[in-house]
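Below, each value reflects all heavy atoms present in this structure, side chains not excepted, and no hydrogens, waters or symmetry copies. The shown structure was predicted, so the numbers you read here are calculated from the model rather than taken from an experiment.
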Amino acid sequence: MNNDLLAGLNAEQLSAVTWPAKSALVLAGAGSGKTRVLTTRIAWLLQTGQANPASILAVTFTNKAAREMQTRLAAMMPVNVKTMWIGTFHGLCNRLLRMHYRDTGLPQTFQILDSGEQQSAIKRLLKSLDISDEKFPPKQVQQFINGQKEAGVRAGELSAHDPYTKKLIELYAAYDAQCNREGVVDFAELLLRSYELLSRNAALCEHYRARFRFLLVDEFQDTNRLQYAWLKLLAGPDNALFAVGDDDQSIYAFRGAEVGNMRALLADYGVAGPVRLEQNYRSAGTILDAANALIERNDGRLGKQLWTAAGPGDKIRLFDAYSDGEEAQFIVDEVKALKRDGWSLSDMAVLYRSNAQSRILEHVLVQAGVAYRIYGGLRFFERQEIKHALAYLRLAINPDDDNALLRVINVPARGIGARSVENLQTASREQGVSLWQAACGAGGGRTAGKLAEFVLLVEKLRQRCEPLNLAEQVSLVIDESGLRAMYEADKKDGEERLANLDELINAATGFMPQEPQLAVVEFLTQASLEAGDHQADAGEDALQLMTVHAAKGLEFNAVFVGGLEEGLFPHENSFNDPKGLEEERRLMYVAITRARQRLYLTNAQSRMLHGQSRYPIRSRFVDEIPAELLQVLSATVKAAPVTSRSSWAEPAFVQQKAVARQGGWRVGQSLSHTKFGAGVVINAEGAGDDVRLQINFAEHGIKWLDLRYAADKLTSL
DNA sequence: TCGATCTTCACTAGG
DNA sequence: TGAAGATCGA
């Protein structure tokens, strides 16, 4: 029966799937059947009797990936996937903490803060400590705290000599204290808490080690320090850690991912080397050749060459537009041409480096009447109406939830303004009680009446919710809080928001809690852990628009990569750091390898960015692709008869367009200044004798220089 | 308290 | 450019 399971695997896949019961690193190239290997590995372990479902723990980064793994596994063999622990790092940690909440010092009903809520908690903390949020921007404090948590370090273990860091450490400590007081945890805390739970409780740790003999990790290149430490803790000395990843697709260093974990795993577990999955089942040969040539320029790779049994396919089409508008027009025209040829819109994608690039595309798409769908933007559980409703629900369970209280104390407006809230916060601080308790005890004052009404409302919600089931509670809260009335009165987008609130009631109706008496808590937890899909109505056949990051893991018959310009892709923020540039190159590698048959690379010679025109030069990444793989298209024959398949064809000669230059300098050019050192031109203004350059210096930051004075201090690099 | 106006800021983003 | 947050006046 094994044969069934293993049929159709290539030699490398087979070697990975049937790897003995010890640790391994699988270096899985783009389109090499990674998910298949992972799920088949689990099925094989079960089928050969090496593992039972309870001894499997599989970790992914996204809920989508976790679901996909479960679905595919269930399709592969009749096994109850519920007995396995398959989920995201955060989902599994949440599970551990809920099960052992007594050992963690958390209330059973602890709530999870998303990053927005974490930030408002920090703002509130700064205010209560009377610390200026100019000197300590909440975002930076948040980054510091999360960074420390991801390094596994608590405030108490830190020390510093400079007053600034000292203050940050104090804030970290105060933030944790506030969270503990309020019974909430942020995302990083989920990880760190469960790490500490296991590392401080030998018996518990031993219990899980004895249970989870087989740990499997997807997208291992995206793990941060703490996640790897967590895995190592669970693996202990005896269990098998099977990690699948691709160092060439590591594009999340900016949020703490450590590609180094891949090499570390080899060393830590004495694995001779990675199993390489290099056969690609997705893209045409030319596309792979381009990807290979590009990524070869990066240093320190584990090394891998993608190849395909399929033919070379089409050349990669290159279009050099004179403006961002022309670039968008080209893409849309080409999409229409492909559609006429029978390609479906949903099998085509436009990828870009940054979300701002979608605007002009949308504009042209609307004009052309082409259906499109943008990934990105608000997700379901991030919408304000949903957050408001959930905040009332939270107050109904636990009125001491200051975050929730602050969110809705004046929504809908009930005459409790900023002033009154501030008074309330002062009172709560002075008395050392929650805002709710302070509100309950509030005596005089101008808004005391309004406050009392709010207290009464929450009390009423609490009492009336008690006997109700989850869906009834959600519904009650929406009606009684006044949210429904508020959105009914809202002419602008009230209708849509009401529809979303109804959708929330639907979600609550269909929700299946593990423990019925904790249904509300579980529902709220799920809402924090799974914010929902980025895109709405997936039904219609529509062109897909998304960032390259969002495209990771996806594939399309035709892919357009737009904005291939120095400063944009690679992004200028990565110019002064070689590591940053390598990550940009990996991002380009990800973009290229999304395409099955057809790949278009486009750039514009002028682009509106932040309301200013820029004249960037073409991205170095285009030049890093061997010329023989490229076919240059040009607009010169745009007026060709409509019988032409595409209105943009290869010209008889490649038109040499003038590159925008200012005083001999170009945007994107690297240079050196006698005083400021190395930098890159990121913008230019003026003409003739009166030219100013904006330069991003590695050491001195961004400066405008007047060429009349600076010209002789600059040298090209 | 609320709306209108001003200022600021800008890459990528999962749980 | 344009969205979002801060500030100001009614």
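- The shortest distance between the side-chain N/O atoms of A:Arg379 and the OP1/OP2 oxygens of B:dG15 is below 4.0 Å.
- Distance noted for atom C1' between C:dA3 and B:dG14: 24 Å (whole Å).
- In this structure, the CG atom of A:Asp133 is 14 Å from the P atom of B:dT8, given to the nearest Å.
- With ring centers used as reference points, A:Tyr487 lies 6.0 Å or more from A:His388.
- Within the 4.0 Å cut-off from OP1 or OP2 of B:dT12, at least one side-chain nitrogen or oxygen of A:Asn355 is found.
- Taking side-chain N and O atoms only, A:Thr88 has no distance below 4.0 Å to OP1 or OP2 of B:dG14.
- If you check every strand for non-hydrogen atoms under 4.0 Å, A:Ala413 touches sugar and phosphate atoms only.
- Contact annotation for A:Asn410: backbone-only contact, meaning every heavy-atom pair under 4.0 Å involves sugar-phosphate atoms and none involves a base.
- One finds a salt bridge joining A:Arg124 and A:Glu182 here, because a Lys/Arg side-chain nitrogen approaches an Asp/Glu carboxylate oxygen to under 4.0 Å.
- For the P atoms, the distance from C:dA4 to B:dA13 is 16 Å, rounded to whole Å.
- Counting to the nearest Å, the P atom of B:dC11 and the NE2 atom of A:His610 are 5 Å from each other.
- In this structure, A:Asn63 does not reach the B:dG14 phosphate: none of its side-chain N or O atoms is under 4.0 Å from OP1 or OP2.
- Rounded to an integer number of Å, the gap from CG of A:Asn224 to C1' of B:dA13 is 14 Å.
- Using a 4.0 Å cut-off between charged nitrogen and carboxylate oxygen, A:Glu68 and A:Arg72 count as a salt-bridge pair.
- Between A:Tyr208 and A:Trp85, the ring-plane angle classifies as tilted under the 30° and 60° cut-offs.
- Between the CD1 atom of A:Ile251 and the C1' atom of B:dG14 there is a distance of 11 Å, rounded to whole Å.
- Side-chain proximity of A:Arg359 to B:dC11, C:dA3, B:dA13: nearest is C:dA3.
- Residue A:Asn573 has no polar side-chain atom (N or O) positioned under 4.0 Å from OP1 or OP2 of B:dT12.
- Between A:Lys552 and A:Asp222 a salt bridge is recorded (basic side-chain N to carboxylate O distance below 4.0 Å).
- Aromatic ring centres of A:Tyr228 and A:Phe220: separated by under 6.0 Å.
- The interatomic distance linking A:Arg255 (CZ) with B:dA13 (C1') rounds to 5 Å, in whole Å.
- Between A:Leu529 and A:Arg353, it is A:Arg353 whose nearest contact on DNA chain B lies nearer the 5' terminus.
- Stacking annotation: A:His549 is not stacked on the base of B:dT12 (requires ring centroids less than 5.5 angstrom apart and an interplanar angle below 30 degrees).
- Side-chain atoms of A:Ser115 and base atoms of B:dG15 include a donor and an acceptor less than 3.5 Å apart.
- Across all strands shown, A:Phe187 has heavy atoms under 4.0 Å from base atoms, whether or not it also approaches the sugar-phosphate.
- The separation between A:Gln119 atom CD and C:dA4 atom P is 15 Å, rounded to whole Å.
- Of the two residues near DNA chain B, A:Ala188 and A:Phe254, the one whose nearest nucleotide lies more 5' is A:Phe254.
- Straight-line distance from the CD atom of A:Gln249 to the P atom of B:dA13: 16 Å, rounded to whole Å.
- As a whole-Å value, the separation of A:Arg594 CZ from B:dT12 P is 19 Å.
- When heavy atoms are screened at a 4.0 angstrom cut-off, A:Phe89 is found touching no nucleic acid atom at all.
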